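Here the structure is a predicted model, which is why all the values come from computation and not from measurement. Proteins get letters first, then strands, A, B, ... in listed order; numbering begins at 1 in each.
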Amino acid sequence: EDKVVQSPLSLVVHEGDTVTLNCSYEVTNFRSLLWYKQEKKAPTFLFMLTSSGIEKKSGRLSSILDKKELFSILNITATQTGDSAVYLCAVPSGSARQLTFGSGTQLTVLP
Amino acid sequence: EPEVTQTPSHQVTQMGQEVILRCVPISNHLYFYWYRQILGQKVEFLVSFYNNEISEKSEIFDDQFSVERPDGSNFTLKIRSTKLEDSAMYFCASRDRGGAVLEQFFGPGTRLTVL
């Protein structure tokens, strides 16, 4: 059974801090790893990573994948209160590429 | 920007009643999914739908559940006889063609409360 484990489960930081969120996975037929941000409701897509060692970047957020060690990290620099959310890691699996999600990391950024 | 929409945003029902949750996926997408998230728990896959049929389903998706794409735009999830444990947030998602396009885009969800 495919598995995604995220750490830490929760994190409280102050504005301006840099955070690193971790995601490790076990999947039968790896295709990609996806990061989502979940605020009040729906997960919103952040990144998809398919190749090892290539950083994806969007503003203050960046992510990298290590296919040998089976993990990914999501970095957020100069955090803002608007970054407060649950960050979800997911891998597509099965014939329909349905997503298997981790439990998420609850990030709280204090002013 | 195109988005997935869902109605209603919140549904309250009595145990044993039937509910239908509705979704309008992004218009040129081909693959459709339902997920649920019980409060405080992980997002879990329920079912996927492609080419007018179920392509994969999880253990959660038992005979009480069904999905339908009645026309070219709507995608529905029906729960025939709701149980207390069906209370959850239900998300619809869609994705473009197959191959390497694996990003799924989620709707805002329907919060189902079974009393």
Where at least one partner belongs to residues 47-83 of chain A, residue pairs that pass disulfide (SG to SG under 2.5 Å), sequence neighbours excluded: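 Residue pairs passing disulfide (SG to SG under 2.5 Å), neighbours aside: none found.
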Quick one: do [X] and [Y] end up in the same hydrophobic cluster if we chain Ile, Leu, Val, Met, Phe, Trp and Tyr together by side-chain heavy atoms under 4.5 Å apart?
| X | Y | result |
| --- | --- | --- |
| B:V24 | B:L30 | no |
| A:L107 | A:I73 | no |
| A:F47 | A:I76 | yes |
| A:F101 | B:M89 | yes |
| A:L46 | A:I54 | no |

field: Inter-residue atom distance A:Q98.CD - B:R95.CZ, 0.5 Å rounding
entry: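 That separation rounds to 9.5 Å.
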task: Would you give the length of the straight line joining atom OH of A:Y36 to atom CD of B:E103, rounded to the nearest 0.5 angstrom?
output: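 Between A:Y36 OH and B:E103 CD, I get 7.5 Å after rounding to 0.5 Å.
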- prompt: With only heavy atoms counted, which part of B:S58 is less than 4.5 Å from chain A, the side chain, the backbone, both or neither?
  reply: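 Contact with chain A: none, neither part.
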message: Does any backbone or side-chain atom of B:Y50 lie under 4.5 Å from a heavy atom of chain A? Answer side chain, backbone, both or neither.
response: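 B:Y50 has no heavy atom closer than 4.5 Å to chain A.
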query: Of the non-hydrogen atoms in B:F91 and A:A42, which two are nearest, and what is the gap between them?
result: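 Heavy atoms only, the tightest pair is CE2-CA, 3.5 Å.
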Smallest separation among heavy atoms of B:E56 and A:S95, with atom names: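 In this case the closest contact between B:E56 and A:S95 is OE1-OG, 2.5 Å.
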- request: Name the member of A:T100, A:L34, A:T44, A:L88 that forms the most heavy-atom pairs with chain B at distances under 4.5 Å.
  value: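 Among A:T100, A:L34, A:T44, A:L88, the one with the most close pairs to chain B is A:L34.
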Should we count [atom1] of [X] as having more than 12 external heavy atoms under 6.0 Å?
| X | atom1 | answer |
| --- | --- | --- |
| A:K37 | NZ | yes |
| B:N28 | CG | yes |
| B:L39 | CG | no |
| B:E59 | CD | no |
| A:K57 | NZ | yes |

- prompt: Is the side chain of B:Q104 donor-acceptor paired with the backbone N or O of A:P92 at a distance under 3.5 Å, no angle test?
  reply: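 Checking the backbone N and O of A:P92 against the side chain of B:Q104, no donor-acceptor pair under 3.5 Å is found.
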field: Check: A:L99 main-chain N/O paired with B:Y33 side-chain donor or acceptor under 3.5 Å
entry: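 Looks like no, no N/O pair under 3.5 Å.
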message: Please classify the contact between A:V86 and chain B as side chain, backbone, both or neither, with a heavy-atom cut-off of under 4.5 Å.
response: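 For A:V86, no heavy atom lies under 4.5 Å from chain B.
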- request: Select one option (side chain, backbone, both, neither) describing which atoms of A:Q106 are under 4.5 Å from chain B's heavy atoms.
  value: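 Neither part.
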query: Which residues in residues 42-49 of chain B have any heavy atom lying under 4.5 Å from a heavy atom of chain A?
result: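 The residues closer than 4.5 Å to chain A, in numerical order, are B:K42, B:V43, B:F45, B:S48.
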